[in-house]
Amino acid sequence: MEHTFNKGRWSWYELKQSETDAAAKYVEQNDSYRRWSEETKKNMTSILQADTSERGEEALWGSLVYFQDVEDKERRRVFHFYLTKKRLITDNLDLSLLDKVDEAVMRKKLDEAECPVEGFMIMIGDLMSHFLAKIDMFEVRLRDLLWRIREKNNIEILDQTAKSRHELLVWQNLIIPILEIKYGIEETFGDDVSKGLYFKRASKRIERAHMLLNEYDKQLKAMVELENTVSTHRGNEIMKTLTVLTTLFTPVTAWGAIWGMNFKNMPELEWKIGYIFSWAVIAVSTLALYVYLLKKGWMGDILRGKKKHSFFK
């Protein structure tokens with residue numbers, strides 16, 4: 001389907017996958033277009049290629065994943081584009097999947113665009129609006145997770161942290177190809193295209209999304225590091241507790257082993273106060289060992305109760 005904008009100055013050919021072969025009637029047969037036409041039949045990932053071999057006939061083409069379910073790898077949509085200074089061709093682009101895109105408003109902005117390059121950046125800008133809305137929802141969940149780590153830190157929180165990290169990686173995987181498209185347009189068509197209002201607006205949205213994801217990445221890394229620190233401390237605390245308890249019970253074990261021997265001549269067995277004497281020896285030995293560990297500073301905080309809303313106490 002052909003659409004003309006800005007009083008017929010440029011055209012947008014909107015195709016479906018089944019119409020890819022028929023697209024040749026819209027443009028002259030050149031090598032770059034034929035390569036793009038072949039790639040749209042098989043490619044389902046984000047790619048970008050350019051042809052600057054002939055001045056005035058520069059072309060940029062590729063594929064872009066514009067919808068991806070963070071839970072299901074197979075639930076994604078890819079559209080293919082072919083961009084020159086005269087025309088824009090898109091294949092398999094379904095704007096209804098994008099929550100924040102009003103197609104009527106977008107077409108009105110397209111009619112204000114001076115060229116296909118600026119028109120394509122209008123589409124990219126609206127796509128970024130959709131992504132930014134999703135990223136804002138991710139920010140809300142991340143803030144909630146941040147406080148849940150302090151209030152109730154457990155294996156479930158650690159699992160949610162890992163899921164948030166995966167979701168962030170998915171968003172980065174979607175934004176990076178769009179950032180590449182921005183640089184690719186500047187490289188292919190020159191600095192003049194970057195002076196347009198819609199190009200600048202879309203560029204700012206791309207940079208804002210990229211900045212947000214980088215900052216969220218830092219936050220998640222800090223949260224994972226905090227989890228590791230707390231887990232390491234608690235693991236060390238458990239080992240220290242077990243070690244101290246084992247050490248404190250050493251006198252009981254040692255004296256019990258000695259007096260449990262089956263020798264005939266053991267004078268302690270005949271003493272009237274032998275039982276009391278054995279307990280006294282065990283108590284004094286244990287107390288002496290406890291005082292020794294305390295003076296060495298090896299007891300630490302392991303005998304103190306946990307305080308509410310505290311990571312380590």
Side-chain angles (χ1 to χ4, degrees), residues 70-71 138-172 211-313:
V70 296
E71 299 291 341
F138 172 78
E139 179 185 7
V140 173
R141 295 193 297 273
L142 185 63
R143 185 184 300 113
D144 178 66
L145 179 62
L146 176 64
W147 286 102
R148 290 183 65 187
I149 288 177
R150 179 178 174 84
E151 294 167 358
K152 187 180 179 181
N153 195 18
N154 52 30
I155 192 67
E156 179 184 352
I157 299 300
L158 182 61
D159 183 64
Q160 291 181 6
T161 303
K163 287 182 180 178
S164 296
R165 188 71 185 275
H166 173 265
E167 183 178 352
L168 179 66
L169 291 173
V170 171
W171 284 115
Q172 288 177 329
M211 177 273 296
L212 287 173
L213 293 178
N214 285 337
E215 293 303 316
Y216 297 152
D217 184 51
K218 293 177 183 177
Q219 288 186 23
L220 275 170
K221 286 180 179 177
M223 291 164 64
V224 171
E225 184 178 351
L226 176 61
E227 289 280 2
N228 290 336
T229 301
V230 173
S231 298
T232 300
H233 173 80
R234 290 179 178 175
N236 291 338
E237 184 182 59
I238 291 171
M239 293 304 298
K240 185 192 292 185
T241 302
L242 294 175
T243 302
V244 169
L245 290 176
T246 302
T247 304
L248 290 178
F249 277 95
T250 298
V252 178
T253 305
W255 290 112
I258 293 173
W259 287 320
M261 295 178 182
N262 295 320
F263 293 111
K264 293 183 178 180
N265 297 320
M266 293 187 69
E268 297 93 333
L269 297 178
E270 304 297 331
W271 294 354
K272 291 182 179 181
I273 59 172
Y275 181 73
I276 298 175
F277 174 79
S278 65
W279 272 110
V281 171
I282 291 173
V284 170
S285 301
T286 303
L287 181 60
L289 189 57
Y290 174 80
V291 172
Y292 175 78
L293 294 176
L294 194 62
K295 287 184 176 181
K296 280 286 189 178
W298 294 345
M299 301 300 289
D301 293 327
I302 60 174
L303 299 181
R304 297 182 184 176
K306 295 288 182 182
K307 294 183 179 179
K308 190 177 181 181
H309 301 316
S310 176
F311 292 112
F312 301 106
K313 297 183 178 180

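Counting from 1, the numbers follow the sequence of the chain as shown. All of these numbers come straight from a predicted model, not from anything done at the bench.
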_salt bridge (Lys or Arg N to Asp or Glu O under 4.0 Å) involving Asp144 - partner list, sequence neighbours excluded_ = none

_Trp255 and Ser278 side chains, donor-acceptor separation under 3.5 Å_ = no

*Could you state the interatomic distance from CG (Leu146) to CG (Leu226), rounded to the nearest 0.5 Å?*
9.0 Å

*Do Arg165 and Met223 come within less than 4.5 Å of each other through their side chains, counting heavy atoms only?*
no

*Go through the steps for Val281 and Trp259 under the test side-chain contact (heavy atoms from CB on, under 4.5 Å), then give the verdict.*
CA-CA 12 Å; Val281 171; Trp259 287 320; 4.1 Å; yes

*Find the distance between CZ (Arg143) and CG (Leu145) and round it off to the nearest 0.5 Å.*
12.0 Å

_Counting only heavy atoms from other residues, nucleotides and ligands, does the tally under 6.0 Å from CH2 of Trp279 exceed 12?_
no

_Just verifying a value: how many Å separate Glu156 CD and Thr161 OG1, rounded to the nearest 0.5 Å?_
10.5 Å

*Roughly how far apart are Phe277 CZ and Ile282 CD1, rounded to 0.5 Å?*
10.5 Å

*Ring center gap for Phe138 and Trp171 short of 6.0 angstrom*: no

*Do Lys221 and Glu225 meet the salt-bridge criterion of a basic N to acidic O distance under 4.0 Å?*
no

*CG of Leu242 to OG1 of Thr247: how many Å apart, nearest 0.5 Å?*
10.5 Å

*Please report the shortest heavy-atom distance between Leu248 and Thr286, naming the atom on each side.*
O-CG2, 3.6 Å

*Which atom pair, heavy atoms only, marks the closest approach of Asp217 to Gln172?*
CB-NE2, 3.9 Å

*Could you tell me the separation between the CG atom of Leu142 and the CD atom of Gln219, rounded to the nearest 0.5 Å?*
5.0 Å

*Compare every heavy atom of Pro251 with every heavy atom of Leu289, then report the nearest pair and how far apart it is.*
CD2-CD, 4.1 Å

*Judged by modelled atom types alone, do Arg141 and Gln160 share a side-chain donor-acceptor pair under 3.5 Å?*
no

_Those residues that, when tested against Glu71, pass salt bridge (Lys or Arg N to Asp or Glu O under 4.0 Å) (two or more places apart)_ = none

